[in-house]
Structure formats: structure tokens, C-alpha cells
*Asks:* 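After the C-alpha cells below, expect a handful of questions from me.
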Amino acid sequence: MKIASAAYPMDALDSWQAYADKIEAWVAEAAGQGANLLMFPEYAAMELAMLAGREVATDLEPSLRAVSDRMPEADALHSRLAGQYGVHILGGSAPVFDDALGSRPVNRAAFFGPGGGKGVVDKQIMTRWEREPMACVGGGPLKVFDTALGRVGVLICYDCEFPLLGRALQDVDILLVPSCTETLAGYWRVRIGAMARALEQQCVSAMSSLVGPADWCEVCDVNTGAGGIFGPPDRGFPPTGVLAEGVLDAPGWTVAQVDLEKIAQVRADGGVLNRTHWAEQAGRDGAPTVERLQ
């Protein structure tokens with residue numbers, strides 16, 4: 001199988017058709033490179049805010065609601081393209097107002113299969129900016145998607161910096177990490193998190209990024225990042241753990257071939273067995289004793 005992770009620029013779109021044409025062009029390009037699993041970044045759906053006009057798009061609260069209102073149409077588009085091109089697609093995440101979860105939005109990404117299946121996953125832990133001024137909240141529980149490509153999990157951006165969330169997804173073969181980071185430091189925090197989770201659970205992780213400016217969008221006006229696909233630096237994988245990495249801030253797809261058998265092999269007989277030995281931390285992870293040295 002091949003994974004394609006997007007370094008995706010946001011555009012000031014002036015019509016729904018412009019958005020639909022853009023998404024289809026991106027999907028067609030990745031599918032043309034033989035990709036089976038495509039991932040767009042965190043908050044990529046914010047470009048839908050411009051369809052309500054610049055005044056709405058540049059005002060935080062109205063922009064969140066405008067994007068949330070458009071997500072049923074966006075989901076239908078991604079579902080159609082997944083079927084048309086025979087691929088799995090993780091769509092760009094969006095602020096979604098879900099009455100079942102309260103009055104404030106969650107950060108939600110939808111996952112589409114080529115057979116018409118759809119699942120959603122919400123970000124668990126909010127960044128400081130999402131807490132204030134966005135007042136975004138943690139959503140529904142983590143999920144594992146059982147697909148024809150293997151078991152797939154999603155940790156949205158900041159979530160991948162928390163190892164217990166990665167451990168909750170220990171049975172996935174592929175961990176998707178859609179991200180939106182303003183600075184180079186932010187990009188590297190998420191990348192290090194994605195690589196660490198691949199090391200700990202001996203799986204493949206893939207990171208997508210928003211790139212470039214969008215001065216009309218308060219949620220993501222400046223974006224720094226690149227696509228990347230990582231594995232454990234162990235038998236059957238590159239010694240760096242890097243299967244593929246894009247050029248920083250250069251729009252486009254980063255594509256890598258992934259062999260699920262190698263994931264099973266390294267879990268069973270790797271040079272180290274982090275995933276198997278994880279439980280040995282229990283009882284050793286209490287508060288350390290403090291010894292004074294002169």
C-alpha cells in the first residue's frame with residue numbers, strides 16, 4: 001500500500017465549485033501516484049469559511065460556525081471522491097458544533113472508505129489557543145478503523161504529543177497525524193511526537209501539515225510544515241525511521257510505500273520490543289526517591 005500525506009495550502013476560494021475542484025485535483029494527483037490512503041491536515045476545512053464572505057471568514061466565531069455548517073457538503077464530496085478513485089481519505093479537520101457534545105465546537109476529522117463507509121474522530125486535548133480564544137473542547141473517544149488497508153488510528157496534532165493516547169491505539173498498523181502548526185518549533189513538536197509514537201508502538205505514522213499564509217483566517221493565518229511518513233528505526237525500516245519527508249512549506253503530497261508485513265515482523269522480532277515491553281513500566285513509574293549529592 002502507499003500512503004500520501006498532504007502539505008496543503010489554504011486558498012481564498014470564491015465558490016463551492018472552486019473548493020470541489022481543488023479537492024478533486026489533489027485526490028486525483030495522489031491516486032495517480034498509486035496512493036491508497038490519503039490524509040489532509042488539521043483545520044484544512046477552514047478555507048470553507050471564505051465561501052461565506054471575507055467579513056465572516058476574518059471574524060473568529062462566525063468563521064467557526066460557517067465552516068461547521070458546510071461540513072455535510074464537504075463530507076459528501078470526500079465520500080464521493082473516495083469511491084470514485086478507490087482510495088481511503090482522511091479529510092481535513094474542522095470545527096464542528098455537535099449538540100450531543102455541548103455548546104462549543106470539537107475539532108473533528110472524517111475518514112472515508114472507497115465503499116461508502118465513514119467514521120469521525122475528534123481531537124482529545126486542546127492547545128492553549130484552542131482553549132482560548134476558540135473555546136474548542138475535547139470531543140468523542142478515540143477510535144480504531146478496521147480497513148482493507150489494515151487498522152488505522154488518528155491523533156489530531158497536539159494529541160500525538162501524549163504517549164498514553166498513542167498507547168490507547170496500540171493495535172493500529174497506521175497512525176495518522178493531521179497537523180496545523182504556526183511555527184517551525186510547532187512543526188517539530190508534532191513531528192517528534194509522531195515519530196515517538198511509531199517507535200513506542202512499532203507502527204507507521206504519517207503526518208500532514210497546513211502550509212503557507214492565510215491572512216484572512218484567524219484560526220490558521222500562518223502555517224509551517226511538511227508531509228512525513230515514519231516507522232520505527234529498526235529491522236525492515238530505514239535507520240532514521242523516516243520513510244519519506246516533504247520539503248518544508250512546499251505544497252504537495254509526500255508518498256511512501258508501506259508493507260504491513262514489516263510492521264508485524266518488527267513487533268514480533270525487532271531489535272527492541274518497545275510495544276511488548278511497555279507494560280514493564282508499571283510499578284517502576286511512581287514518584288522517584290530524591291537523593292542529595294554533595
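Because the structure is a prediction, the values reported are computed rather than measured.
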*Asks:* Ignoring hydrogens and angles, state whether a donor on the side chain of Asp269 or Gln265 is under 3.5 Å from an acceptor on the partner side chain.
*Replies:* no

*Asks:* Side-chain atoms of residues 138-145: list all donor-acceptor pairs with protein atoms under 3.5 Å, sequence neighbours left out, distances to 0.1 Å.
*Replies:*
residue: Lys143; atom: NZ; partner: Val120; partner atom: O; Å: 2.9

*Asks:* Please examine the side chains of Leu81 and Ile89, heavy atoms only from C-beta on, and report whether any two atoms are closer than 4.5 Å.
*Replies:* yes

*Asks:* According to a 4.5 Å side-chain heavy-atom criterion applied to Ile, Leu, Val, Met, Phe, Trp and Tyr, with indirect links allowed, do Met46 and Tyr19 form part of one hydrophobic cluster?
*Replies:* yes

*Asks:* Counting only heavy atoms from other residues, nucleotides and ligands, does the tally under 6.0 Å from NZ of Lys22 exceed 12?
*Replies:*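 Correct, the count exceeds 12.
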
*Asks:* Can you tell whether the side chains of Glu132 and Arg128 come within less than 4.0 Å, N to carboxylate O?
*Replies:*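 So Glu132 does not pair with Arg128 through a salt bridge.
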
*Asks:* Are Leu165 and Val137 grouped together when hydrophobic residues (ILVMFWY) are joined by side-chain heavy atoms under 4.5 angstrom apart?
*Replies:*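 Per the 4.5 Å side-chain linkage, Leu165 and Val137 are not co-clustered.
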
*Asks:* Salt bridge check: are Asp173 and Arg151 linked by an N-O gap of less than 4.0 Å?
*Replies:* no

*Asks:* Apply salt bridge (Lys or Arg N to Asp or Glu O under 4.0 Å) to the pair Arg284 and Glu280, showing each step before the final yes or no.
*Replies:* CA-CA 8 Å; Arg284 299 176 182 271; Glu280 294 182 19; 6.0 Å; no

*Asks:* Membership question, hydrophobic clusters at under 4.5 Å side-chain separation (ILVMFWY): are Trp129 and Val67 in the same one?
*Replies:* yes

*Asks:* Would Glu200 and Gln170 count as having a side-chain donor-acceptor pair, cut-off 3.5 Å?
*Replies:*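 No - no donor-acceptor pair under 3.5 Å links their side chains.
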
*Asks:* Got more than 12 heavy atoms from elsewhere within 6.0 Å of CD, Gln281?
*Replies:*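 Yes, because the 6.0 Å sphere around CD of Gln281 holds more than 12 heavy atoms from other groups.
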
*Asks:* Using modelled atom types and a 3.5 Å cut-off, is there a donor and acceptor pairing between side-chain atoms of Lys123 and backbone atoms of Asp159?
*Replies:*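 Between the backbone of Asp159 and the side chain of Lys123 there is no qualifying donor-acceptor contact (under 3.5 Å).
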
*Asks:* Would you say the ring centers of Phe40 and Trp253 fall short of 6.0 Å from each other?
*Replies:*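 Distance test on ring centres: under 6.0 Å, yes.
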
*Asks:* Are any non-hydrogen side-chain atoms of Asn107 and Asp122 less than 4.5 angstrom apart?
*Replies:* no

*Asks:* Does a donor on one side chain sit under 3.5 Å from an acceptor on the other, for Tyr158 and Glu42?
*Replies:*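 Tyr158 vs Glu42: no donor-acceptor pair found between side chains.
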
*Asks:* Please determine whether a side-chain nitrogen of the Lys or Arg among Arg54 and Asp14 lies less than 4.0 Å from a carboxylate oxygen of the Asp or Glu.
*Replies:*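 Salt bridge: no.
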
*Asks:* Quick one: side chains of residues 209-216, donor-acceptor pairs under 3.5 Å with protein atoms, not counting sequence neighbours, listed by atom name and distance.
*Replies:*
residue: Ser209; atom: OG; partner: Ser179; partner atom: OG; Å: 3.4
residue: Ser209; atom: OG; partner: Ala226; partner atom: N; Å: 3.1
residue: Ser209; atom: OG; partner: Ala226; partner atom: O; Å: 2.9

*Asks:* Applying a strict under-4.5 Å side-chain criterion to I, L, V, M, F, W and Y, I'd like to know whether Leu51 and Met71 cluster together.
*Replies:* yes

